[in-house]
Amino acid sequence: MLDKIYSPQAIEAKWTEAWAKAGLFHSEPARDGRRAYTIVIPPPNVTGALHIGHALNNTLQDVLVRFHRLHGRESCWVPGTDHGGIATQNVMEKQLKAENQTRHLIGRERFLERMLAWTRDCKKTILGQLTRLGCSLDFGREAFTLDEARARSVYHAFADFFAKGLISRGERMVNWCVRCGTALSDIEVEHEERKGHLWHIRYPLADDPAHFVTVATTRPETLLGDTAVAVHPEDERYEGLVGRKLLLPLHDRPIPLLADDAIDRAFGTGAVKVTPCHDPADFELWQRHLSEMEAPPAVIGADGKMTPDAREPYAGLSREKAREQVVKDLQAAKGRDGLPLLSKIEPYHGSVGVCYRCQQAIEPRVSEQWFMKMGPLAEKAVAAVDRREHRIFPDSWEKPYREWLGNIQDWCLSRQIWWGHRIPVWYCAGCLGDKLAASVPDGEGLPRKTGRVSALLAAGVPFAKLEQDGVWQYQAGKTPDRDGLAVQSGRPGPCPKCGGTHWLQDQDVLDTWFSSALWPLSVFGWPEETADLKFYYPTDVLVTGYEILYLWVARMQMMGLHFRGQVPFTHTLIHGIVRDKRGKKMSKSLGNVVDPLVLMDKFGTDAFRFSLATQAYPGRDIPFAEESVTGARNFANKLWNSTRFVLMNLEGQGGIVPLEKLDRAQLSLADRWILSEFEAVLAETRAYVAAYNLAAAAGALYRFLWDSFCDWYVELAKLERGVTVRSILVHVLTGTLKMLHPFMPFITEELFAALRVHAGESAEFILGARAPQLSGWADGEARRRMGVVMEAVQSLRALRSQLNVHPGLMIRAFYAGAGPEAEVVREHGDYLRHLAKLESLEPLAGPRPAQSATAVAKTLTFFVPLAGVIDFDKERQRIAKEIARLSAELEHSGRQLQDRNFVERAPEAEVLKVRALRQEAEAKHASLAQTLQTLEAKEGAPGGAA
RNA sequence: GGGCAGUUAGCUCAGCGGUAGAGCACCUCCCUUACAAGGAGGGGGUCGCAGGUUCGAACCCUGCACUGCCCACCA
């Protein structure tokens with residue numbers, strides 16, 4: 001027997017262990033023809049503990065996996081974590097800083113050792129939390145984006161792209177994060193509106209210093225790197241000036257005034273300073289005007305400080321300090337007219353690119369990086385959506401997804417950090433013929449900017465060296481080959497060009513998203529043609545938030561389609577972000593984060609999960625309030641107690657009979673009604689899950705259990721305690737537990753365990769049992785008749801409550817009316833007596849009783865003699881109010897039915913419905929009007945209201 | 001500058017063509033033998049604004065207004 005009190009903690013631990021012991025979540029490729037249902041987890045970064053967003057993400061996946069497992073699919077949910085590149089390295093760098101260390105001080109190898117040790121702890125924490133959340137992950141399949149098996153996929157993919165000419169190295173303008181010290185791809189740059197200024201600076205004409213061209217800029221410090229000023233060719237303000245030289249203020253360097261179509265005449269002064277090294281648009285402009293412009297100086301370095309080219313007194317200053325200094329100096333610098341060269345400062349707010357990992361302003365910078373051409377891959381990803389092989393839920397995301405892919409830019413792949421897959425490219429020192437390169441010991445990294453690729457090699461794996469002794473060998477089987485360059489296993493052999501054996505590996509690592517993009521492939525052993533890959537790929541659904549739709553989802557699609565010709569997952573389910581209860585994004589700095597563990601401790605994991613699920617409408621953000629967990633906890637408690645009730649009914653009684661053995665003719669109205677309702681909620685729930693509307697699915701089950709099952713059926717079940725009722729109680733409850741199990745796995749498992757003997761279930765766990773099967777129980781007649789009972793009960797209860805009849809007091813009642821509804825009351829008087837606490841219920845013989853209150857339901861009228869108890873004044877008010885409501889209703893339906901347009905054009909069913917409702921309202925109205933008349937005729941009763 | 005959502009009861013949200021719903025909060029009554037983490041009843045909304053389509057609009061269309069998000073090299 002169950003404890004009287006529902007206490008979640010104990011049962012959670014118990015079932016977590018039991019499931020693990022039974023290997024319940026393990027999956028192998030099925031040989032019996034069962035279809036796979038596969039989800040790969042969006043691997044959380046190993047940067048710490050999981051937050052509430054992870055809890056939502058994983059709860060939704062678990063609901064789907066458990067649901068499909070219950071419904072007979074060979075379900076496999078692959079767990080794993082992501083090494084998380086810059087984000088993770090940043091956390092470690094902070095730790096080092098606290099110890100007065102830097103990564104450069106301790107060196108690459110020791111740094112990576114520390115990273116590995118630390119991220120191992122994080123992995124443990126994360127997997128522990130997922131377990132605590134009840135996630136039915138196949139833990140034997142745990143993967144890490146930086147482990148050996150994944151490295152294999154990464155190197156294979158890199159080599160393939162290189163061989164196909166999609167990956168190449170080059171010097172280009174990239175987004176540079178000064179704080180993180182690395183290049184970023186375009187999507188790793190966030191745009192923030194920031195307040196700033198527009199500085200107007202006068203550049204004197206070199207041969208006529210009394211005249212000026214005024215440029216407007218938001219970044220005066222880059223002036224030091226200007227190589228030109230540009231205007232629109234048709235801008236009459238600058239007619240005759242184009243082609244002449246200007247004198248760059250502060251440096252007094254002559255620079256040309258160019259004309260270019262890209263210049264917006266309406267902005268600022270129409271004249272733009274051109275700083276190719278520090279602005280992407282200027283960089284392009286420079287390339288268009290190469291012949292007219294000199295090679296541009298880079299005045300801001302990788303560290304965010306001014307370079308020697310910025311000259312004294314700016315060299316060495318931070319870019320922020322340099323701005324102050326430049327502005328100050330421009331204010332002091334006077335033109336030939338005696339006025340400052342800085343002619344105007346106006347407030348200006350524009351969007352500033354910031355690093356998505358540290359929020360520092362991005363510095364556009366020219367540097368040598370690895371790039372991947374994305375166009376051809378993107379086309380395939382778009383085609384997959386066009387062909388509906390890949391669908392996004394909600395589909396409103398398909399358009400932005402398509403557009404992003406349509407405008408895709410090359411992907412900057414290399415990162416100047418250490419934590420990640422090192423780029424599997426080696427350079428031959430001999431071929432480079434570079435002193436610097438030659439001075440580097442064999443196998444060490446290539447100093448940047450030393451030359452072009454001499455050899456590509458999908459080879460030496462630095463992490464394998466660290467994880468275990470010795471060098472792990474890459475065995476791709478097929479080795480790509482391009483430009484006659486040998487690509488070999490292990491370290492490169494002799495250089496095919498010069499025979500040298502002195503190799504330098506590329507210093508950089510790959511963007512963490514490169515390995516993430518391969519995730520659905522790599523977790524199944526690709527590039528090997530494994531049995532797992534054949535059975536589980538393509539996976540069914542990817543569940544994620546919209547913030548990584550491009551960063552991750554799109555790239556997985558592109559990779560999957562490129563390498564397999566098949567989408568990696570057929571559906572993308574996009575959920576919202578968990579916000580605080582006022583809709584604000586949770587953040588440590590706002591102090592509004594809620595810890596999932598705290599909530600699970602306080603309310604139980606099931607309640608926590610259920611509250612997340614009931615709010616997860618597709619694509620909608622969730623304003624999360626603790627009250628919602630309270631509500632879910634209360635629901636869990638309701639489940640608990642209703643099961644206790646059913647178990648109490650079973651105690652000492654005989655067994656139950658299977659549903660299919662029940663004699664339909666023997667069933668009561670309530671029996672037929674609840675079975676009909678149950679069949680309906682099963683269908684409804686399944687339809688909602690299929691549409692990924694998990695909130696609606698959870699809501700449907702909630703209402704069924706609480707409203708239909710507990711409030712009506714269980715109450716009526718108390719009237720008769722026979723085997724039939726017992727059987728139905730057990731079947732319906734067990735079925736409901738099964739359907740709720742994906743949402744609340746622990747409590748349902750506990751309750752199922754208590755019920756299963758009675759229910760004749762042999763399975764030890766819900767996931768081993770069959771999903772509820774029910775068909776043919778839909779019963780419109782039962783629903784109609786039960787509707788009469790329910791309305792009558794509600795009407796009588798309202799009467800009691802509004803006239804202050806004590807809830808415990810049994811009252812007598814008479815009913816008047818004819819037809820099928822009266823018949824329902826006659827047949828089911830026991831229901832009404834029980835539910836409305838009636839001492840007796842009889843048909844009214846003779847005139848309406850005096851000294852009684854009136855209740856109406858459908859076309860029926862109930863009279864409750866309450867002489868002495870009743871406050872007739874109150875009763876008059878009550879009835880008058882009801883009459884007013886009915887009058888309004890009658891007026892409305894009357895107008896509708898008199899409108900020929902409505903009667904002729906509306907669907908017939910609609911007209912019939914209005915007619916039926918009108919009849920009901922008419923009956924009620926007439927009956928109540930008559931009552932009111934009698935009441936008012938009763939002078940002597942205290943009539944004068946107030 | 002484009003695009004996408006949202007605007008419904010005090011709060012948080014469902015509903016998306018037939019006279020407005022839930023949970024919480026609020027008011028009244030009740031510790032009735034599954035459950036006070038409960039039961040019964042009740043108050044509360046001209047569904048952002050303005051037009052249009054329709055017999056009928058919270059729901060479809062067009063504008064507008066806020067709010068939020070995504071994308072974008074206007075210095």
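Because the structure is predicted, anything quoted here is derived from the model rather than measured. Naming: A, B, ... by sequence-line order, numbering from 1 per chain.
- Considering only side-chain N and O atoms, A/K4 lies under 4.0 angstrom from the phosphate OP1 or OP2 of B/rC35.
- A/Y348 comes within 4.0 angstrom of the backbone, heavy atoms only, and of no base.
- The nucleotide B/rC69 finds its pairing partner in B/rG3, both defining distances of the Watson-Crick or G-U wobble pair being shorter than 3.5 Å.
- Heavy atoms of A/F283 sit nowhere under 4.0 angstrom from any nucleic acid atom.
- In this structure, A/R402 fails the cation-pi test against A/W397, since its NZ or CZ atom is not both closer than 6.0 Å to the six-membered ring centre and inside 45 degrees of the ring normal.
- Side-chain N/O atoms of A/R620 include one lying less than 4.0 angstrom from OP1 or OP2 on B/rA14.
- When the C1' atom is compared between B/rA34 and B/rG43, the two are found 31 Å apart, to the nearest whole Å.
- Under the 30°/60° scheme for interplanar angles, the aromatic rings of A/F608 and A/F624 are found to stand perpendicular.
- For A/Q896, the listed nucleotide lying nearest its side chain is B/rG18; candidates were B/rC30, B/rG18, B/rG38.
- For the pair A/E626 and A/K602, the salt-bridge criterion is met [side-chain N within less than 4.0 Å of a carboxylate O].
- Across B/rU8 and B/rC47, the matching P atoms stand 11 Å from one another, rounded to whole Å.
- Base pairing analysis places B/rC29 opposite B/rG39; the two distances defining the Watson-Crick or G-U wobble pair are each below 3.5 Å.
- Within 4.0 Å of A/W706, counting heavy atoms only, lie sugar-phosphate atoms of the nucleic acid but no base atom.
- Of all nucleotides present, none satisfies the Watson-Crick or G-U wobble test against B/rA58 with each distance under 3.5 Å.
- Using a 4.0 Å heavy-atom criterion, one finds that A/Q794 contacts the sugar-phosphate atoms exclusively.
- Looking at heavy-atom distances under 4.0 Å, A/A625 makes no contact with the nucleic acid at all.
- With a 3.5 Å ceiling on both atom-pair distances, B/rC16 lacks any Watson-Crick or G-U wobble partner.
- Ionic pairing of A/D235 and A/R265 is not present here: no N-O contact between side-chain nitrogen and carboxylate oxygen is shorter than 4.0 angstrom.
- Pair check for B/rC49 finds B/rG63; Watson-Crick or G-U wobble, both atom distances under 3.5 Å.
- Partner assigned to B/rG44 is none, using Watson-Crick or G-U wobble distances below 3.5 angstrom.
- Ring pair A/W706/A/F635 is parallel by interplanar angle, where below 30° counts as parallel and above 60° as perpendicular.
- Nucleotide B/rG23: paired with B/rC11 (Watson-Crick or G-U wobble, both distances less than 3.5 Å).
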